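Below is one structure; the comments refer to it alone.
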There are 2 protein chains.
Amino acid sequence: MNGGSRVTTGIKQIAKLANVSISTVSHVLNASAPIGSEVQERVLGIARETGYLAKRRRKASISLLSTVLLVGTKKAFPKSDRNFVAWTMLNAFRKECQSRGIRLIPQIEEENEINPDNIVEAVAKHRPQGIAVMQDDRQCLIDMLYNLPSASVILSGQDQSMRVDTVAPSNRFGAKLATDHLLDLGHKKIALLTWGNRRVAKQRTEGFLDAFRQAGLDVPVSDIIDVGDYQQDVVETNFSKWLSKHNGPSPYSAFFCSADNVALGAMKALQNHGYSVPNDVSVMGFDNALFGELSSPSLSTIHVPMEEIGHVALNLLEEALTLPDGERSARRVELGCRLILRNSTGSPNTSFSKS
Amino acid sequence: MNGGSRVTTGIKQIAKLANVSISTVSHVLNASAPIGSEVQERVLGIARETGYLAKRRRKASISLLSTVLLVGTKKAFPKSDRNFVAWTMLNAFRKECQSRGIRLIPQIEEENEINPDNIVEAVAKHRPQGIAVMQDDRQCLIDMLYNLPSASVILSGQDQSMRVDTVAPSNRFGAKLATDHLLDLGHKKIALLTWGNRRVAKQRTEGFLDAFRQAGLDVPVSDIIDVGDYQQDVVETNFSKWLSKHNGPSPYSAFFCSADNVALGAMKALQNHGYSVPNDVSVMGFDNALFGELSSPSLSTIHVPMEEIGHVALNLLEEALTLPDGERSARRVELGCRLILRNSTGSPNTSFSKS
DNA sequence: CTGAAAGCGCTTACAG
DNA sequence: CTGAAAGCGCTTACAG
């Protein structure tokens, strides 16, 4: 190895960029001497921006987690519109593992459900330090995970028995955020388009209702419309039927849809029936899937930080491995969702009366 | 400095203890060479047990967080039965800061509420890297925190707008755990003793109701008794009145109390009225405060991991400082609660009929 | 409060 | 798969 100019972010480089000595950088990073506050801020700023701090932190825990068993069902793996959300999460998780030098052992079930026995077997075989389970939080699975020696975490799930770590977006608060926004715009009658009985859908429904409860309004349980599925074309067909039967969207001036796919299907149905979005009716989605940006009009939605779920999941596994077993409670982490305002929402058209 | 025998946990010491070379330890810790799995496990085990891994991790982030502003109201600071829970949390947080070498700047409000303006002032003056707020999650405060340059976290609170990090025990799931246990014991009529309108109390009430909902039973909204306060003596007086008026605890065979203080007051009132706990009625608390262990009978309760809240809060602050601002969603962390079974609960006495 | 220099801790290229 | 040895990165005792 020659003394070439390989650019490894280190204390040396930071010293150069901050125009101080190496010692000073070290002192700042370790609070080992009383350094002036301007210098301190400059050095820390550069250390953060160059990614040195993040690298240092990552390195500190890398050893603990060399092998992780990735558990999921087949349907989340190929990329498609249908499973866009699951795929995004999974892919971000894989990337994160790669950047931390963690070996992933996939344990993909052919069936629609994860079989706990298969996990036990895979753990015995590969002896991973950690287990990451995708979108399955049934109690039989949780019981099994809890009794395993490895640390484990469920991505996009929750454990009511509070024994296993979980990370998920804040579906309920996110839905409240969306509904609050529609209420703030002045909409009085808002319908929720949702589908089925999955936990995620239920949580979003609760958030929708929360917004009305907290505003002191009547809780609109009768304004919840189940469109039967979350595939765009199916939603379009079903919601078209609903529109025909109800003679247009009236009395609703806004539709909050508990997934972007649902929103896009609904928007098409509305447009086919001659309604202009957002002039006649507002439509709001949930997920911030890529294709929502490209629709016409572009879809207002709730951003779900799918990329961060993997990051947090790995942090939880690492923390579980650092701390002695008896001294750590299970953690349930919810990640904040953000309102993304595009062109499918607006104030209600007060002269609205179409039929 | 002489070459004396100072015992600094390091890679050298681990090598000695594990009977391998320094290089090998390094390889294991960095996965930089394919090391045999027995050796690997031995080295990692020793590295964890000696606290080397934890130290390494702590060191990696120590630089970020040298000064933290601790914000709270006066009432949580002196130690007493009344504020046992708040005091425990606060104290654990202080200890954690100390062990990580973080300087705490207390900003204690004389009033019963935190004044956002005072925080802004204190931040301008002391320029802390992080802000830790105790038990206050009003939106005006959150708005202020969100607009501040420092990272911030609320201990024992939650942010519905999902912009500021929070850590809290899982009150709702914890209450469900307690209620599930009473149901499992065979109790059919269970009353909830609670007080006031604070968020914590409300969350525990929801958990109580959840247990019935999920079991497919009637939701016992009419079995919620507000005892007006959480001080033991007040509860005792108020609940005694209730017992006199209702001619004993019938038809309830169990009382779930949303705080240990409430449970102890209720237990005394029951005993004064001639009821034996748990033979005639079961009583369950929530908090796992010290004095519950010493009561007679000792109190079954829900353990709340107050000591861990501080640990998690600091981890959140550190993480916020490591990651670039735009790339991180706010996090809401809930810590798992555990059932603590002592002597105040049992199966319902089927021949129970006292008056 | 900041830096030059000594030196410790850890990593790494290479040998076996 | 493991270790001896060279050497880099970071810390620290000390000077100013």
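Keep in mind that this is a model prediction, so the values were computed, not measured. Residue numbers start from 1 in every chain, and the chains themselves are labelled A, B, ... in the order their sequence lines are given, proteins ahead of strands.
Using a 4.0 Å heavy-atom cutoff across all strands shown, V20(A) reaches sugar-phosphate atoms only and no base atom.
Taking a cutoff of 4.0 Å between a charged side-chain nitrogen and a carboxylate oxygen, E307(B) and K95(B) do not qualify as a salt bridge. Between E41(B) and R127(A) there is no salt bridge, since none of the side-chain N atoms of the basic residue sits less than 4.0 Å from a carboxylate O of the acidic one.
As a whole-Å value, the separation of I11(A) CD1 from dG9(D) P is 11 Å. Per the geometry, CD belonging to Q13(B) stands 11 Å off P belonging to dC10(C), to the nearest Å. Between the CD atom of E38(A) and the P atom of dC1(C) there is a distance of 10 Å, given to the nearest Å. Between the CD1 atom of I14(A) and the P atom of dC10(D) there is a distance of 8 Å, rounded to whole Å. Taking atom NZ on K16(A) and atom P on dC10(D), their separation rounds to 14 Å, with Å as the unit. Rounded to whole Å, atom C1' of dG9(C) lies 9 Å from atom NZ of K55(B). The interatomic distance linking R56(B) (CZ) with dC10(C) (C1') rounds to 9 Å, in whole Å. Here dG3(C) presents its P atom at 10 Å from NE2 of H27(A), a figure rounded to the nearest Å.
Nearest to the side chain of I22(A), among dA13(C), dT11(D), dT11(C), sits dT11(D). For S26(B), taking side-chain heavy atoms from C-beta onward, the closest of the listed nucleotides dT12(C), dT12(D), dA4(C) is dT12(C). For T24(B), taking side-chain heavy atoms from C-beta onward, the closest of the listed nucleotides dT11(C), dG3(D), dG9(C) is dG3(D). Among dT2(D), dA13(D), dC10(D), the nucleotide with an atom closest to any side-chain atom of A33(B) is dT2(D).
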For this session: Carefully, step by step, assess S156(B) and M89(B) under the rule side chain to side chain contact (heavy atoms under 4.5 Å, CB included).
Result: CA-CA 9 Å; S156(B) 191; M89(B) 181 176 77; 3.8 Å; yes
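Residue V25(A) comes nearest to V20(A) through the heavy atom pair CG2-CG2, 3.7 Å, listed as atom of the first residue, atom of the second, then distance.
Side chain S23(B) to base dA4(D): a donor-acceptor pair is found below 3.5 Å.
Nucleotide dT2(D): paired with dA15(C) (Watson-Crick or G-U wobble, both distances less than 3.5 Å).
When each of V120(A), I114(A), D117(A) is paired with M144(A), the side chain to side chain contact (heavy atoms under 4.5 Å, CB included) condition holds for V120(A) and for no other.
OP1 or OP2 of dC10(C) has at least one side-chain nitrogen or oxygen of Y52(B) nearer than 4.0 Å.
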